[in-house]
Amino acid sequence: MIRKFLDLGIQPLANQYLNKPKNLSVKKGQLYNLNVCFNSKTKLVSISKKIPVKKMFNNTYPYKSSMSKTMLASFENLSNEIKKKFKPKLFLEIGSNDGALIKNFNIKNTVCVEPCTNLAKITKKKGYFTYAKYWDYNLSNEIKKKFNSVDVIYAANTLTHIANLREVFKSVCNILSNNGVLIIEDPSLLECIKKTSYDQFYNEHIYVFSALAVKNIINEFGLVLFDIQKISTHGGSLRYFIKRKKNNQIKISNKVSTQIDKEIKYGLDKFSTFVKFGEKTINSKNRLISLLNRLKKQNKIIVGYGATAKATTVLNYCGIDEKIIDFFIDTTPDKINKYMPGKKIPIKKYNKKIYKNVDYFLLGAWNFKKEIFKKEKKFIKKGGKFITHVPKPKIIIS
Ligand code: DWN
């Protein structure tokens with residue numbers, strides 16, 4: 001049974017940064033109601049409204065993984081680990097974005113899959129064999145014809161974006177070599193619930209996975225989890241290592257059952273846990289609004305740091321507008337001089353002069369807090385402060 005536990009209100013598409021703010025409409029499919037549900041059979045948490053893929057992932061997708069040093073470092077570490085542990089003759093990445101990970105792999109034995117053509121162009125230009133296509137069964141057949149099978153398939157922050165998970169895993173099984181490994185990493189549902197980071201939900205994040213749900217889904221395809229790593233990216237993610245059940249060469253690590261036990265202990269298998277999360281989310285919204293209003297009454301200047309997809313959920317759910325946030329700063333070229341989705345809040349190019357009068361930064365990219373604080377030592381030294389809503393709305397001094 002699928003039951004709703006959270007209503008995040010009417011939302012625009014998260015990565016649609018407009019050149020000029022305009023009134024969006026539900027009828028035209030520019031706005032939708034963001035509801036989050038729990039499937040008591042599979043334990044999968046998902047949003048209820050599925051937006052057509054072409055509207056989300058096309059030739060103007062602005063997000064680039066290479067914009068963060070944290071992500072680059074995480075990808076480099078993982079690449080070294082993959083090469084050392086699995087020695088793939090052929091490596092394939094689903095959702096290769098701008099090549100932040102595959103740049104660590106040899107052009108000769110790497111295949112990229114990236115449906116956003118503006119991003120696929122980047123890896124193609126660097127010489128990587130790139131399919132500018134959506135991950136589906138037809139594509140897996142195409143790959144099979146050309147390469148026969150793949151030893152390691154990797155997807156970071158990608159499978160959460162694909163509605164038809166059955167087709168995803170069927171397509172993986174179609175090309176994964178018998179002793180092959182599938183590695184996926186995505187924000188952890190346990191961390192999301194613990195931190196009340198309701199902003200992990202938006203149109204692109206159709207799912208936020210638990211190990212429990214991943215285990216249930218892949219089971220249908222003769223796949224099994226053999227290892228899980230906890231990683232700190234994107235507010236706390238899990239990296240799942242998956243193999244065919246019939247592959248006896250790889251042992252199953254205790255970390256799999258440890259993670260699943262932890263999730264069950266926290267109640268990720270129960271609807272009531274998510275109802276409580278819904279209540280905490282409302283509380284978080286009210287506290288953030290009153291904190292921002294209090295600061296505005298003191299005439300403080302508040303600017304958003306990191307024009308993230310997550311910030312779109314927060315701004316539109318909490319009704320935060322240009323009267324509260326003067327502007328956002330971001331380093332991503334395709335977001336600069338545009339407006340936050342659904343809002344009249346402009347996005348400005350990151351530079352230190354632009355924020356000399358700023359009193360508070362609202363952390364849109366709270367998941368990169370460490371990287372940002374390191375970069376903004378001077379701002380902090382001068383008395384500048386940050387506001388976050390994760391794990392609860394508060395001012396952070398340093
Ligand atoms: O799954 C997804 C993830 C991986 O990325 C996508 N659906 C969309 C996107 O989500 P997001 O926008 O919430 O992701 P990030 O990685 O939290 O975005 C960080 C943003 O902050 C980027 O626009 C870059 C910007 N940034 C910045 O301006 N200065 C980031 C850092 C670290 C900085 O110092």
Side-chain angles (χ1 to χ4, degrees), residues 11-17 34 47 51 53 55-58 60-75 93-98 100-101 114-116 119 155-163 184-188 192 195 197-209 231-239 303-316 327-338 340-341 347-352 354-355 361-377 379-380 386 388-390:
Q11 293 276 349
L13 304 190
N15 263 306
Q16 265 188 11
Y17 300 90
L34 180 54
I47 63 167
I51 305 291
V53 275
K55 266 188 149 177
M56 300 190 280
F57 311 114
N58 41 44
T60 57
Y61 194 70
Y63 179 78
K64 290 197 174 90
S65 308
S66 297
M67 286 297 121
S68 145
K69 286 185 183 152
T70 313
M71 289 314 292
L72 289 173
S74 167
F75 286 148
E93 186 180 9
I94 308 172
S96 46
N97 197 273
D98 62 349
L101 174 113
E114 176 50 65
C116 302
L119 300 172
N157 303 302
T158 300
L159 300 198
T160 49
H161 296 61
I162 310 178
I184 58 178
E185 70 179 63
D186 286 290
S188 149
C192 165
K195 295 184 173 129
S197 51
Y198 58 87
D199 52 347
Q200 290 289 10
F201 296 104
Y202 48 90
N203 59 298
E204 291 176 14
H205 276 186
I206 299 166
Y207 305 102
V208 175
F209 294 131
I231 48 173
S232 59
T233 54
H234 293 296
S237 296
L238 289 180
R239 185 175 283 153
V303 161
Y305 200 116
T308 57
K310 296 183 289 293
T312 297
T313 296
V314 176
L315 298 180
N316 288 280
F327 57 89
F328 266 74
I329 49 166
D330 202 286
T331 50
T332 314
D334 290 341
K335 295 182 184 178
I336 292 161
N337 295 331
K338 296 191 176 164
M340 288 303 288
I347 304 166
K348 297 192 182 182
K349 186 176 175 174
Y350 174 83
N351 85 59
K352 296 206 173 180
I354 209 158
Y355 59 79
F361 276 127
L362 174 67
L363 277 172
W366 55 266
N367 43 315
F368 292 118
K369 193 176 95 182
K370 253 192 190 165
E371 183 175 335
I372 292 170
F373 277 33
K374 209 167 158 193
K375 205 154 121 187
E376 304 307 337
K377 271 187 192 145
F379 169 77
I380 296 169
F386 287 86
T388 187
H389 69 286
V390 177

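In listed order, ligands and their atoms are each counted from 1. What you see is a predicted model; the values in this text were computed from it and never measured.
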Could you list the atoms of ligand 1 found under 4.0 angstrom from a heavy atom of [X]?
{"X": "Thr332", "answer": "22 (C), 23 (O), 24 (C)"}
{"X": "His234", "answer": "4 (C), 16 (O)"}
{"X": "Glu204", "answer": "6 (C), 7 (N), 8 (C)"}
{"X": "Ala365", "answer": "21 (O)"}
{"X": "Lys335", "answer": "22 (C), 23 (O)"}
{"X": "Gly306", "answer": "21 (O)"}

Checklist line | For atom 13 (O) of ligand 1, the option (of Glu185, Lys369, Lys310, Met56) bearing the nearest heavy atom | finding: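 Checking each option, the heavy atom nearest atom 13 (O) of ligand 1 is found in Lys310.
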Next item on the list: Ignoring hydrogens, just give me the one of Ser68, Ser65, Ala309 whose non-hydrogen atom is nearest atom 11 (P) of ligand 1.
Entry: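 When every heavy atom of Ser68, Ser65, Ala309 is considered, Ala309 comes closest to atom 11 (P) of ligand 1.
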Atom of [X], atom of [Y] and distance for their closest heavy-atom approach:
{"X": "Asp98", "Y": "Ser65", "answer": "OD1-N, 3.6 Å"}
{"X": "Gly364", "Y": "Phe328", "answer": "CA-CE2, 4.5 Å"}
{"X": "Gly235", "Y": "Trp366", "answer": "CA-CZ3, 3.5 Å"}
{"X": "Val390", "Y": "Ser197", "answer": "CG2-CB, 4.1 Å"}
{"X": "His205", "Y": "Ile47", "answer": "O-CG2, 3.7 Å"}
{"X": "Lys335", "Y": "Thr308", "answer": "NZ-CA, 4.4 Å"}

Checklist line | ligand 1 contacted by His161 (non-hydrogen, < 4.0 Å) | finding: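 In this structure, His161 qualifies as a contact of ligand 1 - some heavy atom is under 4.0 Å.
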Notebook entry, point to check: Is there a heavy atom in His205 that sits closer than 4.0 Å to ligand 1?
Noted result: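 Within the 4.0 Å threshold, so yes.
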For [atom], the protein heavy atom that lies nearest, with its residue and separation:
{"atom": "atom 20 (C) of ligand 1", "answer": "Thr308 CG2, 3.6 Å"}
{"atom": "atom 30 (C) of ligand 1", "answer": "Phe368 CD1, 4.3 Å"}
{"atom": "atom 14 (O) of ligand 1", "answer": "Tyr63 CE1, 3.5 Å"}
{"atom": "atom 27 (C) of ligand 1", "answer": "Thr331 OG1, 3.5 Å"}
{"atom": "atom 8 (C) of ligand 1", "answer": "Tyr61 OH, 3.5 Å"}
{"atom": "atom 25 (C) of ligand 1", "answer": "Asp330 OD2, 3.2 Å"}
{"atom": "atom 10 (O) of ligand 1", "answer": "Tyr202 OH, 3.3 Å"}
{"atom": "atom 29 (N) of ligand 1", "answer": "Lys375 NZ, 3.6 Å"}

Does any N or O atom in [X] lie less than 3.5 angstrom from one in ligand 1, N or O only?
{"X": "Asn15", "answer": "no"}
{"X": "Ile372", "answer": "no"}
{"X": "Glu371", "answer": "no"}
{"X": "Tyr17", "answer": "no"}

Check: Using the ring of each side chain (for Trp, its six-membered ring), is Tyr305 parallel, tilted or perpendicular to Phe386, with breaks at 30° and 60°?
Finding: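 It falls in the tilted class, 30° to 60°.
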Notebook entry, point to check: Between Phe379 and Phe361, what is the ring plane arrangement, given parallel below 30°, perpendicular above 60°, and tilted in between?
Noted result: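 Phe379 vs Phe361 ring planes: tilted.
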Next item on the list: Answer side chain, backbone, both or neither: which part of Asn367 comes under 4.0 Å from ligand 1, heavy atoms only.
Entry: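 The answer is the side chain of Asn367.
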Item checked: Part of Lys69 within contact of ligand 1 (heavy atoms, under 4.0 Å) ->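 Neither part.
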Checklist line | Interatomic distance, Asp199 atom CG to Thr312 atom OG1 [nearest 0.5 angstrom] | finding: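 OG1 of Thr312 is found 10.0 Å from CG of Asp199.
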Checklist line | Distance, nearest 0.5 Å, that separates OH of Tyr350 from NZ of Lys375 | finding: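 One gets 5.0 Å once the value is rounded to the nearest 0.5 Å.
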Whether the [X] and [Y] side chains hold a donor-acceptor pair (N or O, under 3.5 Å, no angle test) is what I'd like checked.
{"X": "Thr332", "Y": "Asp334", "answer": "no"}
{"X": "Asn203", "Y": "Lys55", "answer": "no"}
{"X": "Tyr61", "Y": "Glu114", "answer": "no"}

Check: Is a side-chain N or O of Gln11 found less than 3.5 angstrom from the main chain of Thr313, in a donor-acceptor match?
Finding: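 Judged by distance alone, yes, a pair lies under 3.5 Å.
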